[in-house]
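Notes follow the structure.
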Amino acid sequence: MNKVKKVVTWSGFPSLLLFIVFLAINGAITGGLSLSFFQSFIATNAAAICVAIGVTATILVAGTDISLGSIVSLVNVIIVTLCEKGYSVVAAALIALGCAVLCGMINGFIIGVMRVNPLLTTFATSTAFAGIALWILPYPGGSIDFSFADWYSSNLFGVIPTPIVLILILVLIWVLVMKLPAGLHLFALGKDVKKAYASGVNVVALRFFVHTFAGLAAGIAGICISANTCAGSPSIGASMSMNSIAAAVIGGVSLNGGTGNIWGGIFGAAFLSILISIVVSANLSSFVQSFIQGLILLIGVVFSIIAADKELKAKITGVFKGGAK
């Protein structure tokens, strides 16, 4: 009984519930859920999940990062451009990943060391990274050897799908950090920056780390999306930043920081992905698709915020009880 209560009261439970419900709806529409469906779903949406993990890390320390979508685009165009110049896919992917981590370090330095507001910083760097991506590849195009796609759709060690392995890399890094004192310091920083400073928490190092980690997450996302499409586009990650923030909020991560975990971000991203899949498969006009998607997303965000905020939940309950009287 206690275990059930613990699951139900978990901050990420609403996102898990929404994902399961919409997964069932998708199964009813398509006539069932097969193993091939899950493989395709993970391969297609691994990039969104990686970005959600990255942005969740930054939100937990009372920050944010809206430049991750641009970093994804930058990684994509770098891989395509280098492959067309004769570089091997492995070399191109590693160089692009290094650039993504460097972008994260730039964000971390400006936010952590120079103490510039995270939203303003990442808004500026998002524009800069997007501009570099557009400079490298002005128009969508290019191609990557299809062996990259074959590798991405294969199972590593003959068992684990490659997209899951790429996601697990980020999860394992984060779990390891949570086992260290830095994990506790991250949540302390998110709860109250001034108290964290007063307690001797290395705020600069933590902020630098989470944004570097977010850059790594965006880099892996860029590799996923490049392997999945085998083509380049300077705007391929344009919508990912805002969607990832919404995914984190749906996953029970407080925008004020200090509450939530990456699992909530993962399930939030999974819910958004299955929602988009259902709306697109309904064959509605683009306007209706956008409207329905936005409406359900809004309901999901509000529902998750209320479920995670005990004070807000109590106020709403009090209003309805007062109305009933």
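The first residue in the sequence is number 1, and the count goes up from there.
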_Which residues share a side-chain contact (heavy atoms from CB on, under 4.5 Å) with Ala218, sequence neighbours left out_ =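 With neighbours one apart ignored, the set is Leu68, Ile71, Val72.
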
*Please identify each residue that fulfils side-chain contact (heavy atoms from CB on, under 4.5 Å) with Val61, with sequence neighbours left out.*
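For Val61 the side-chain contact (heavy atoms from CB on, under 4.5 Å) partners, ignoring immediate neighbours, are Leu186, Leu189, Val210.
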
Determine whether more than 12 heavy atoms belonging to other residues, nucleotides or ligands lie under 6.0 Å from atom [atom1] of [X].
| X | atom1 | answer |
| --- | --- | --- |
| Phe38 | CZ | yes |
| Phe146 | CZ | no |
| Phe37 | CZ | yes |

Linked, directly or transitively: [X] and [Y] (ILVMFWY side chains, under 4.5 Å):
| X | Y | answer |
| --- | --- | --- |
| Met242 | Val249 | yes |
| Ile173 | Leu176 | no |
| Leu206 | Met114 | yes |
| Trp151 | Val159 | yes |
| Val203 | Met178 | yes |

Using side-chain heavy atoms (C-beta onward) and a distance below 4.5 Å, is [X] in contact with [Y]?
| X | Y | result |
| --- | --- | --- |
| Ser277 | Asn26 | yes |
| Leu17 | Val21 | yes |
| Leu74 | Ile136 | yes |
| Ile245 | Asp65 | no |
| Leu166 | Cys224 | yes |
| Ile278 | Ile29 | yes |
| Leu18 | Phe267 | no |
| Phe213 | Val177 | no |

Starting at [atom1] of [X], measure out to [atom2] of [Y] and round the result to the nearest 0.5 Å.
| X | Y | atom1 | atom2 | value |
| --- | --- | --- | --- | --- |
| Leu216 | Ile169 | CG | CD1 | 8.0 Å |
| Thr212 | Leu102 | OG1 | CG | 9.5 Å |
| Ile49 | Ser273 | CD1 | OG | 6.0 Å |
| Lys194 | Ser199 | NZ | OG | 14.0 Å |
| Leu97 | Ile223 | CG | CD1 | 4.5 Å |
| Ile250 | Leu298 | CD1 | CG | 9.5 Å |

Which pair of heavy atoms, one from [X] and one from [Y], lies closest together, and at what distance?
| X | Y | value |
| --- | --- | --- |
| Leu272 | Ala246 | CD1-CB, 4.3 Å |
| Gly268 | Ser15 | N-CB, 3.8 Å |
| Ala47 | Ile225 | CB-CB, 4.2 Å |
| Ser153 | Asp150 | OG-O, 3.2 Å |
| Ala100 | Val75 | CB-CG2, 3.7 Å |
| Ala48 | Ala269 | O-CB, 4.0 Å |

Who pairs with [X] by ring pair (Phe, Tyr, Trp, His ring centres under 6.0 Å), at least two apart in sequence or on another chain?
| X | result |
| --- | --- |
| Phe109 | none |
| Trp263 | none |
| Phe129 | none |
| Phe19 | none |

*Which residue, Ile266, Ile262, Ile220, forms the side-chain contact (heavy atoms from CB on, under 4.5 Å) with Leu170?*
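Output: one option passes, namely Ile220.
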
*Cys103, Ser126, Ser241 screened by side-chain contact (heavy atoms from CB on, under 4.5 Å) with Ser70, the one that passes*: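 Only one of Cys103, Ser126, Ser241 forms a side-chain contact (heavy atoms from CB on, under 4.5 Å) with Ser70, namely Ser126.
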
Could you list the residues that satisfy side chain to side chain donor-acceptor pair (under 3.5 Å) with [X], not counting sequence neighbours?
| X | value |
| --- | --- |
| Asp145 | Ser147 |
| Thr121 | none |
| Thr44 | none |

Extract all donor-acceptor atom pairs below 3.5 Å that involve side chains of residues 84-96 and protein atoms in other chains or at least two apart in sequence.
residue, atom, partner, partner atom, Å
Glu84, OE2, Ser143, N, 3.3
Ser88, OG, Ala91, N, 3.1

*Run through Asn107, Thr122, Thr127 and flag the one making a side-chain hydrogen bond (donor to acceptor under 3.5 Å, both in side chains) with Ser67.*
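Of the listed options, the one satisfying the test is Asn107.
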
Using only atom types and a distance under 3.5 Å, with no angle test, would you say the side chain of [X] pairs donor to acceptor with the backbone of [Y]?
| X | Y | value |
| --- | --- | --- |
| Ser40 | Ser36 | no |
| Ser233 | Pro140 | no |
| Ser254 | Thr259 | no |

*asked:* For Val113 and Arg207: C-alpha separation, side-chain torsions, deciding distance, then whether side-chain contact (heavy atoms from CB on, under 4.5 Å) applies.
replied: CA-CA 9 Å; Val113 178; Arg207 283 179 170 165; over 6 Å; no

*Using a side-chain heavy atom cutoff under 4.5 Å and only I, L, V, M, F, W and Y, what cluster partners does Leu35 have?*
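Noted: Leu35 shares its cluster with no other residue.
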
*If you look only at pairs with a residue in residues 168-189, which of them pass as a side chain to side chain donor-acceptor pair (under 3.5 Å), with sequence neighbours excluded?*
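Residue pairs with at least one partner in residues 168-189: there are none.
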
